[in-house]
Amino acid sequence: MSLATKLRRVRKPPPEGWDLIEPTLEQFEAKMREAETEPHEGKRKTEINWPIFRIHHQRSRYIYDMYYKKAEISRELYEFCLTAKFADAALIAKWKKQGYENLCCVKCVQTRDSNFGTACICRVPKSKLDAERVIECVHCGCHSCSG
């Protein structure tokens, strides 16, 4: 879905400062379309969604940084982006908590999605993992988002 289509669904004009973030969001939409149409022959079933998760994370992190770190957008524009689903509100809420600053996706902390009722393997710190083995998250392909 294009950026213009998402804006029409919100049915409100974008607030002041939209022109500052619009080009970057357009780039993320183009990357997302490219990732969705990418051929998936030879990939595992879970690997197909990994590029989409990464782009989703990057787009949410961009809006988070623009509001919380750089303070370049207004609260009104930030909330507009959340309601228009340009950023993941649940993921940003986790980033505000200590220990979750680099979380890759919300699925990695949901215990119901794992076999043993625990968090994902990417939540284990790199120092605790075996250096020779490459371990990837099943959900998003992350190597270690806990730091």
Side-chain angles (χ1 to χ4, degrees), residues 1-115 118-126 129 133-147:
M1 184 180 330
S2 71
L3 197 60
T5 306
K6 286 184 180 181
L7 283 175
R8 278 195 300 262
R9 283 188 169 186
V10 176
R11 296 186 180 168
K12 284 186 352 188
E16 186 75 26
W18 174 251
D19 53 337
L20 177 69
I21 64 171
E22 184 180 20
T24 308
L25 291 179
E26 283 285 352
Q27 291 174 352
F28 283 127
E29 282 298 316
K31 284 183 187 178
M32 188 67 81
R33 270 186 254 114
E34 190 176 301
E36 289 171 349
T37 59
E38 183 178 285
H40 54 270
E41 288 82 26
K43 291 184 179 179
R44 293 181 297 180
K45 189 176 183 179
T46 57
E47 287 179 5
I48 296 168
N49 294 327
W50 290 357
I52 295 170
F53 273 107
R54 285 189 188 108
I55 295 167
H56 177 73
H57 174 272
Q58 290 171 349
R59 185 175 53 196
S60 296
R61 180 57 87 170
Y62 170 72
I63 292 173
Y64 172 81
D65 287 343
M66 290 295 283
Y67 181 68
Y68 286 104
K69 304 284 184 196
K70 298 177 184 175
E72 291 184 15
I73 61 173
S74 65
R75 179 158 186 85
E76 183 183 5
L77 180 57
Y78 171 72
E79 289 177 357
F80 176 81
C81 289
L82 293 181
T83 56
K85 307 257 189 239
F86 293 123
D88 189 353
L91 186 57
I92 290 175
K94 287 288 185 186
W95 286 338
K96 293 183 210 173
K97 296 180 181 179
Q98 185 179 7
Y100 296 97
E101 296 88 2
N102 299 320
L103 183 66
C104 53
C105 69
V106 179
K107 279 187 154 191
C108 291
V109 291
Q110 292 175 342
T111 57
R112 69 169 189 254
D113 293 335
S114 68
N115 291 340
T118 59
C120 182
I121 189 69
C122 71
R123 296 300 302 152
V124 178
K126 285 183 181 179
L129 293 172
R133 289 182 53 199
V134 176
I135 298 175
E136 296 173 329
C137 171
V138 176
H139 306 294
C140 62
C142 173
H143 296 289
S144 178
C145 63
S146 65

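In this chain, residues are counted from 1 in sequence order.
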Measuring from [X]:[atom1] to [Y]:[atom2], what's the distance to the nearest 0.5 Å?
| X | Y | atom1 | atom2 | value |
| --- | --- | --- | --- | --- |
| Asp88 | Phe53 | CG | CZ | 10.0 Å |
| Ile52 | Arg33 | CD1 | CZ | 13.0 Å |
| Glu29 | Ile55 | CD | CD1 | 9.5 Å |
| Arg61 | Arg54 | CZ | CZ | 15.5 Å |
| Ile73 | Cys81 | CD1 | SG | 5.5 Å |
| Leu103 | Cys105 | CG | SG | 6.5 Å |

Inset, instruction - Go through the steps for Tyr64 and Leu91 under the test side-chain contact (heavy atoms from CB on, under 4.5 Å), then give the verdict. - result: CA-CA 10 Å; Tyr64 172 81; Leu91 186 57; over 6 Å; no
Considering all heavy atoms, the nearest [X]-[Y] contact:
| X | Y | value |
| --- | --- | --- |
| Lys97 | Glu101 | O-OE2, 3.6 Å |
| Ala87 | Ser60 | CA-OG, 3.6 Å |
| Trp50 | Arg44 | CH2-NH2, 3.4 Å |
| Lys85 | Arg59 | O-NH2, 4.5 Å |
| Pro39 | Glu41 | CB-OE1, 3.2 Å |

Inset, instruction - Count the heavy atoms belonging to other residues, nucleotides or ligands that lie under 6.0 Å from OH of Tyr62, then report whether that count exceeds 12. - result: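 Yes.
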Inset, instruction - Assess whether side-chain contact (heavy atoms from CB on, under 4.5 Å) is satisfied between Ile63 and Leu82, documenting all intermediate values. - result: CA-CA 9 Å; Ile63 292 173; Leu82 293 181; 5.5 Å; no
Inset, instruction - Tell me whether the centres of the aromatic rings in Phe28 and Phe86 are closer together than 6.0 Å. - result: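 No.
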Inset, instruction - Please work out whether the ring planes of Trp95 and His57 are parallel, tilted or perpendicular, with thresholds of 30° and 60°. - result: perpendicular
Inset, instruction - Would you check, one step at a time, whether the test side-chain contact (heavy atoms from CB on, under 4.5 Å) holds for Ile92 with Tyr67? - result: CA-CA 11 Å; Ile92 290 175; Tyr67 181 68; over 6 Å; no
Legend entry - Test item: Met66 and Lys69 side chains (from C-beta on) under 4.5 Å apart, heavy atoms: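 No - every pair of side-chain heavy atoms lies 4.5 Å or more apart.
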